[in-house]
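I have placed the structure first, in the form of structure tokens, so that the comments after it can refer back to it.
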Protein chains: 2
Amino acid sequence: MTTPTGDQALIKRINTAIVLESILRGAPLSRAQISERTGLNKATVSSLVQDLIDGSLVLETGPGESSGGRKPVMLEFIASAGHAIGIDLGVNYIRGVLMDLQGGIGKELTSSLRSTDPDFVFKELCTIIDKLIASAPSCPYGIVGIGVGVPGLVDGSGSVLFAPNLKWRDVPLERQLSDHYGIPVTIDNEANAGALGEQKHGAGRSIANLVYVSVGIGIGTGLILHKSLYKGTSGFSGEMGHLSVEAHGKPCSCGNRGCWEMYASEQSLLEKAETMGYRDLEQLLLAAEQGKPEVLELFRGIGEYLGIGIANIVNVFNPDAVIIGNRMSQAREWVEGELRQTVIKRAIGFHLRNVQLLFAELGERSAMMGAGEMAISGFFNRLKST
Amino acid sequence: MTTPTGDQALIKRINTAIVLESILRGAPLSRAQISERTGLNKATVSSLVQDLIDGSLVLETGPGESSGGRKPVMLEFIASAGHAIGIDLGVNYIRGVLMDLQGGIGKELTSSLRSTDPDFVFKELCTIIDKLIASAPSCPYGIVGIGVGVPGLVDGSGSVLFAPNLKWRDVPLERQLSDHYGIPVTIDNEANAGALGEQKHGAGRSIANLVYVSVGIGIGTGLILHKSLYKGTSGFSGEMGHLSVEAHGKPCSCGNRGCWEMYASEQSLLEKAETMGYRDLEQLLLAAEQGKPEVLELFRGIGEYLGIGIANIVNVFNPDAVIIGNRMSQAREWVEGELRQTVIKRAIGFHLRNVQLLFAELGERSAMMGAGEMAISGFFNRLKST
DNA sequence: TTAGTTTGTCTATCCAATAAACTAAGTTTT
DNA sequence: AAAACTTAGTTTATTGGATAGACAAACTAA
């Protein structure tokens, strides 16, 4: 209820975070360099660095180059001081990864899912997680958290409110997992996870404001503003797949009409392709490769509608980049041209000026790695508040 | 470049802001009450309050009620310690107001604009502002700032990049005004100003997350998230009037097709009404009053398209409220029914659950008062950083 | 009157950041 | 190689916040 007040501990937390941050960004770094870069006094830096060393987060790695004086002692972040687990829960698969605190990848596992029953899925999740935990080297902070990306609507407390493709409703996955493992668990939408993954390790590295458009069966979107995930006001993210782009178009299961994902998703592509005798995206990609004109035309259509929705997104959020991810990113070659032209035609010039249109670099691993990043950033946030 | 580091001055600024905030919210308040509410030590509160009193921001207003002990000395914020000017610059009018630091209204002026030439408008603005300044009582902080709402796209430095209805391009209004008056000037879009006005003094009082939809000649939107204005990443706000709701609809001057404002603005209403012999909104409102069925049908159509766009907004931002303002709010009686039904039909249930659909309470004064609030919050922000 | 309560101030203490002096350990100049 | 200079990092004394607890002032209730 009361706003947290300021005291000396707050100062120390702030400055410790600044020091740690600068080591994370610029390692290897000496105390003197940190002092210069942050503006903190040398003595202050020395004292805070000592705390970080005592806390097993920073290591002295030996002398550095001198430029005419005493050699500096270089400092590095100990990435392996803790490990996080990232999980991408799909409709018919689970992908999991063990990451160190800098996102370095350890063991990676995939398994297919025969059922989407919540209890069954929970057991499968535990199997994967157990194996990943077992593969982690022992370290001061152990497993610092588990992050999970799910294909559905997630509320602020980590409950999956609604996941049509899993046929889930109100599954309190975060509570279940954290009860079972006794460590912090973060659950979020697959698109949010993907956005974070691409922002940290993929096409969006170091871009502050981006929109990740996950084009799979449906369309999900993840929004990163000022380098952090934007969650809707009640904790769930904007479902831009359900922006209506054809006010009187096809009715959607969400109740609205003409939703974007009715025109630009894999599902919509497959519906059109069915009469031509194609059954999945892989077949269509193959046919496109072979230059089948009717298939190329199909992809152009998807590209156009992707562009229509992306132009809307650009006009509303004016991001630095839009990244197209998930399964449809494989069709880059066949959709990109039409997509770019449509966006250029339709987006407002002011907003268009600086926006980059990119495709996911991490491919199928965006969401999984993003989920791991959620767990890692949870760990750092907890550090800051203690 | 370097993140501001933490020091004792920062603590003091934080805690002073907390104390001031609690007086602003709960006055009259005693030192003891502030200590209890904020969690700050009594001595700390005493010391900070003394600084505020020395700074002419707070006043001891005499003894309060005792509950069996020494009577408390009650404290109040001195609203008249400074004054701000709020301006709503319209296409054919200027509205201006003098406000105290709590938004209390002093002198109010309106004048009509015969030309939209930037130099001419600047002179007219100065005339109004001069009169308002002259009407301000003398006070410790004087005129703390000028806020202006304009019907166009404004960048982070307060330049009007593009205002089609004023026929303006790249007018550095903020610089011009602040050079002329030597006090801080804030320029923003009319819809952003309106959003702030309604959030502080109108239908959105104390609502943390709201979208203000300004329906006039065009459609503008102002977004308030966590009680403060959300600016797009480059400093200008989302132009949701140019969300495309009919992918292959009418071409819009912005380059896109089927923009929302082509279907739900005053302009679009008038275009349809022209063949029926109506020339402005006032005539149409009169005809609706008389029950003319073809006019009622027109308004229902506007209501439906407003609902279509608002459903999109609700799905993306999941706000606590949507407020319809500007000229079309006068047509509430004729559009509200269809609008509500359309939103209920189209918005995703989860998001619909808590959203309120409201109409502006401040009428034509939303933007003007919001502009004043921009200036006031500028003053408080400067206080916090010194 | 007397006891108890509440308000607000005063005092001693704590703690983080800092400047400046200082030690340590190098490089460059002569 | 000695002297002069540079740079890194630590030590010391000081500053300026917040705080707990003691305290005086001012009130109520019995």
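Every value quoted in this text rests on a predicted model; they were computed, and no experiment measured them. Order of the sequence lines sets the chain letters (A, B, ...), proteins ahead of strands, with each chain counted from 1. These numbers come from the heavy atoms of this one structure, side chains and all, not from hydrogens, waters or symmetry mates.
- B/Leu10 has its CG atom 11 Å from the P atom of D/dA18, to the nearest Å.
- Both A/Ser67 and A/Thr16 lie close to DNA chain C; mapped to their nearest nucleotides by heavy-atom distance, the more 5′-ward contact belongs to A/Thr16.
- Counting heavy atoms from C-beta outward, A/Glu198 and A/Leu210 have side chains that stay 4.5 Å or more apart.
- Along DNA chain C, the nucleotide nearest A/Ile11 and the nucleotide nearest B/Ser46 are compared for position; the residue whose nucleotide lies closer to the 5' end is B/Ser46.
- For B/Asn41 and D/dA18, the CG to C1' distance is 7 Å, given to the nearest whole Å.
- Between A/Met74 atom CE and D/dG9 atom P there is a gap of 8 Å when expressed in whole angstrom units.
- Applying the 4.0 Å criterion to OP1 and OP2 of C/dA17, one finds that A/Asn15 has a side-chain N or O inside that range.
- Put simply, the side chain of B/Asp188 never gets that close to the backbone of B/Ala193: no donor and acceptor are under 3.5 Å apart.
- Nucleotide C/dA17 holds its P atom 10 Å from the CD1 atom of A/Ile18, rounded to whole Å.
- Among the nucleotides D/dA20, C/dT7, D/dG9, the one closest to any side-chain atom of A/Pro72 is D/dG9.
- Residue-to-nucleotide proximity on DNA chain D shows that, of B/Lys42 and A/Gln33, the 5′-proximal contact is made by A/Gln33.
- Among the heavy atoms of the strands lying under 4.0 Å from A/Ser30 are primed sugar atoms or P, OP1, OP2 only; no base atom is included.
- Side-chain N or O atoms of B/Asp179 include none that pairs as donor or acceptor with a backbone N or O of B/Gly182 at under 3.5 Å.
- Between A/Thr44 and C/dT18, a side-chain N or O to OP1/OP2 separation shorter than 4.0 Å is present.
- Residue B/Lys71 is classed as a sugar-phosphate contact, given heavy-atom separations below 4.0 Å to backbone atoms only.
- Using a 4.0 Å heavy-atom criterion, one finds that A/Val45 contacts no nucleic acid atom at all.
- A/Glu361 contributes no side-chain N or O that, together with a main-chain N or O of A/His201, makes up a donor-acceptor pair within less than 3.5 Å.
- Rounding to whole angstrom units, CG of residue A/Leu48 and C1' of D/dT10 are separated by 14 Å.
- Taking the six-membered ring for Trp and thresholds of 30 and 60 degrees, A/Tyr141 and A/Phe379 have ring planes more than 60 degrees apart, a perpendicular arrangement.
- Between the CG atom of B/Leu40 and the C1' atom of D/dA20 there is a distance of 14 Å, given to the nearest Å.
- Put simply, CD1 on A/Ile34 is 12 Å from C1' on D/dA8, counting in whole angstrom units.
- Considering only the side chain of A/Arg70, D/dA8 comes nearest among C/dG8, D/dA8, D/dT10.
- When heavy atoms are screened at a 4.0 angstrom cut-off, B/Ser35 is found touching no nucleic acid atom at all.
- Between the side chain of B/Arg382 and the main chain of B/Val144, a donor-acceptor pair closer than 3.5 Å is present.
- For B/Ser66, counting side-chain heavy atoms from C-beta on, the closest listed nucleotide (C/dT18, D/dT28, D/dG9) is D/dT28.
- Residue-level contact check: A/Ala32 touches the backbone only, with heavy atoms under 4.0 Å from sugar-phosphate atoms and none from bases.
- Taking atom CZ of B/Arg13 as the reference point, atom C1' of D/dA18 lies 16 Å away to the nearest angstrom.
- The pairing partner recorded for D/dT15 is C/dA16, the criterion being a Watson-Crick or G-U wobble arrangement whose two distances lie under 3.5 angstrom.
- Nucleic acid contact class of B/Lys12 (heavy atoms, under 4.0 Å, all strands): sugar-phosphate only.
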